[in-house]
K.L.:
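Got a structure here, written out as structure tokens. Questions coming.
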Amino acid sequence: MEILKFNPIFKPTLWGSETWVVSAVKGSESVALNGADKGLTLPEIVTRYGADFLGGKNSEKFGTDFPLLIKFIDARQDLSIQVHPDDALSAKRHGKMGKNEMWYVVDADRGSQLIAGFRQKIETCDYAQKVADGNIEDDLNKVNVSEGDCFYIPAGRVHGIGAGMVIAEIQQTSDVTYRIYDYMRRDRDGNLRELHTELALEAINFRDVTTDPKVIYTESRDSIIPLVECPFFTTNELKLTHTFRRDYTGIDSFRVYMCLNGQSCFLSPDGQGIFLHQGESLVVPAIMEEVTIIPDENVKLLESYVI
């Protein structure tokens, strides 16, 4: 098997845009751009190669489903405030995975903010009225952000991405979102956007009070920097200035790389190379035991997998 790049899927929105760089969501499937599997969709590749692509445990758990959705989000305006159901609730209501996710701030204007959790306790019985009155914002935890900030957003946490930032998002493969508030904005037809107040009630973790939701990590060069490790995915940062051999011993999973800055060449053990540029992603199949990454002067990558 080969290291694969996929076509980016650009999705314009009312507030900016999303680019889905690795997706198996029905109707938005990524297509391989290189190698013997060029032209195949990500679900077709998973079906063809199974455990060799996903990893043994992942193949047993997910079958022919690819478990991650990888995006870049360019927020020109504030996104709606949302919450996602966990696996159990999403399976019961929608027959799909839940949505646990993480954000890495690629770029941010001065003063940009996002929302993560509540800043004070809110009673379940008061929630619907606060949404209707437009007072729910008073209870939300707003955080100033800058480049390199990282956030884990578990299912049940209310959240919203603010204007003026670019986010790398790693999440479970799910398109289930409950919109709980949208700043009283109207759509192109002049209508208030639909809210999912009742659906969100069971999904929200009303005990999720936090004032500092940022992931704490220590940056270093030419090493693996752990960011998020949870049951749904593991994500690391790599800031590379020299050739780096990545040994996957003990990682029985595909590996997704997002390039946040610079460019690099990924070499497979048989010497085949593929370039990865800023804003692109690629997938290393589970069967590949190592790669060699040759960066230009300064490269920043996010590496994600499921174990």
Side-chain angles (χ1 to χ4, degrees), residues 14-16 73 75-90 92-93 98-105 108-172 174 176-186 192-217 227-232 235:
L14 291 171
W15 43 259
I73 296 174
R76 308 292 177 84
Q77 301 178 28
D78 294 336
L79 277 66
S80 61
I81 300 166
Q82 307 172 352
V83 71
H84 305 303
D86 61 17
D87 281 350
L89 184 58
S90 188
K92 180 177 72 173
R93 288 180 172 175
K99 190 193 268 194
N100 291 264
E101 62 189 5
M102 65 158 283
W103 297 333
Y104 185 100
V105 180
D109 295 341
R110 185 184 299 273
S112 295
Q113 292 185 318
L114 56 74
I115 290 167
F118 293 110
R119 69 176 183 86
Q120 59 190 18
K121 186 177 179 181
I122 177 174
E123 298 296 334
T124 307
C125 58
D126 295 332
Y127 159 74
Q129 190 61 51
K130 284 176 176 287
V131 169
D133 293 341
N135 296 326
I136 191 67
E137 288 186 71
D138 297 338
D139 299 282
L140 301 175
N141 182 43
K142 297 181 180 180
V143 185
N144 292 320
V145 300
S146 57
E147 178 184 343
D149 286 344
C150 181
F151 300 84
Y152 176 54
I153 309 294
R157 172 168 289 179
V158 297
H159 59 275
I161 296 172
M165 68 182 78
V166 176
I167 298 286
E169 180 176 276
I170 295 96
Q171 61 162 89
Q172 290 177 274
S174 174
V176 179
T177 294
Y178 300 149
R179 188 183 301 117
I180 68 174
Y181 187 65
D182 195 42
Y183 306 100
M184 301 298 184
R185 293 182 295 200
R186 298 182 182 272
L192 290 171
R193 297 180 73 193
E194 179 186 7
L195 301 181
H196 309 107
T197 306
E198 293 301 319
L199 288 172
L201 269 171
E202 191 176 349
I204 293 173
N205 178 4
F206 286 98
R207 300 183 302 277
D208 184 25
V209 176
T210 178
T211 56
D212 190 12
K214 292 182 184 179
V215 173
I216 304 301
Y217 68 97
L227 297 178
V228 173
E229 183 175 351
C230 66
F232 311 100
T235 298

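For the numbers below, each heavy atom of this structure counts, side chains included, while hydrogens, waters and symmetry mates do not. Residues: numbered from 1 along the sequence shown. Values in this document were obtained by computation on a predicted structure and should not be read as measured data.
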K.L.:
Over all heavy atoms of both residues, which pair between T210 and G117 is shortest? Give the atoms and the distance, please.
P.N.:
CG2-CA, 4.2 Å

K.L.:
Are I161 and F151 close enough, and set up right, to give a side chain to side chain contact (heavy atoms under 4.5 Å, CB included), and what steps lead you there?
P.N.:
CA-CA 11 Å; I161 296 172; F151 300 84; over 6 Å; no

K.L.:
Side chain of Q172, backbone of N100: donor and acceptor closer than 3.5 Å?
P.N.:
yes

K.L.:
Around E137, counting heavy atoms of other residues, nucleotides and ligands shown, do more than 12 lie under 6.0 Å from its CD?
P.N.:
yes

K.L.:
Mind checking whether R93 and V176 have side chains closer than 4.5 Å, heavy atoms only?
P.N.:
no

K.L.:
Let's go through Y217 and V228 carefully: what are the C-alpha distance in whole Å and the side-chain angles of both, what is the deciding distance for side chain to side chain contact (heavy atoms under 4.5 Å, CB included) to 0.1 Å, and is it a yes or a no?
P.N.:
CA-CA 9 Å; Y217 68 97; V228 173; over 6 Å; no

K.L.:
Shortest non-hydrogen contact from Q77 to L14?
P.N.:
NE2-O, 3.6 Å

K.L.:
Determine the minimum heavy-atom distance between S112 and M165, stating which atoms define it.
P.N.:
CB-CE, 3.8 Å

K.L.:
How close do S146 and A108 get, heavy atom to heavy atom, and via which atoms?
P.N.:
CA-CB, 4.2 Å

K.L.:
Look up atom CD in E202 and atom CG in D86, then write down how far apart they are to the nearest 0.5 Å.
P.N.:
9.0 Å

K.L.:
For a quick test of reading the model, state the closest non-hydrogen atom pair linking A200 to I180 and the distance between them.
P.N.:
CB-CG2, 3.5 Å

K.L.:
Does atom CZ of R193 have more than 12 heavy-atom neighbours, drawn from other residues, nucleotides or ligands, at distances under 6.0 Å?
P.N.:
yes

K.L.:
Yes or no on side chain to side chain contact (heavy atoms under 4.5 Å, CB included) for Y104 and V215, after CA distance, side-chain angles and deciding distance?
P.N.:
CA-CA 10 Å; Y104 185 100; V215 173; over 6 Å; no

K.L.:
Supply the atom-to-atom distance I204 CD1 to R157 CZ, rounded to the nearest 0.5 angstrom.
P.N.:
13.0 Å

K.L.:
Could you measure the distance from the CG atom of L140 to the CD1 atom of I122? Nearest 0.5 Å is fine.
P.N.:
7.5 Å

K.L.:
Over all heavy atoms of both residues, which pair between T197 and V131 is shortest? Give the atoms and the distance, please.
P.N.:
OG1-CG1, 4.2 Å

K.L.:
Is the ring pair Y178/H196 parallel, tilted or perpendicular, if the boundaries are 30 and 60 degrees?
P.N.:
tilted

K.L.:
The criterion is side chain to side chain contact (heavy atoms under 4.5 Å, CB included); which residues satisfy it with A163, sequence neighbours excluded?
P.N.:
D78

K.L.:
Test your reading of the model: is there a side-chain donor-acceptor pair from N141 to the backbone of A116, 3.5 Å cut-off?
P.N.:
yes

K.L.:
Apply side chain to side chain contact (heavy atoms under 4.5 Å, CB included) to the pair Q171 and H84, showing each step before the final yes or no.
P.N.:
CA-CA 11 Å; Q171 61 162 89; H84 305 303; over 6 Å; no

K.L.:
So, taking the atom named CD1 in I153 and the one named CH2 in W103, what distance separates them when rounded to the nearest 0.5 Å?
P.N.:
4.5 Å

K.L.:
Rounded to the nearest 0.5 Å, what's the gap from OH on Y152 to CD1 on I170? Could you check?
P.N.:
12.0 Å

K.L.:
How long is the span from the CD1 atom in I167 to the CE atom in M102, to the nearest 0.5 Å?
P.N.:
9.5 Å

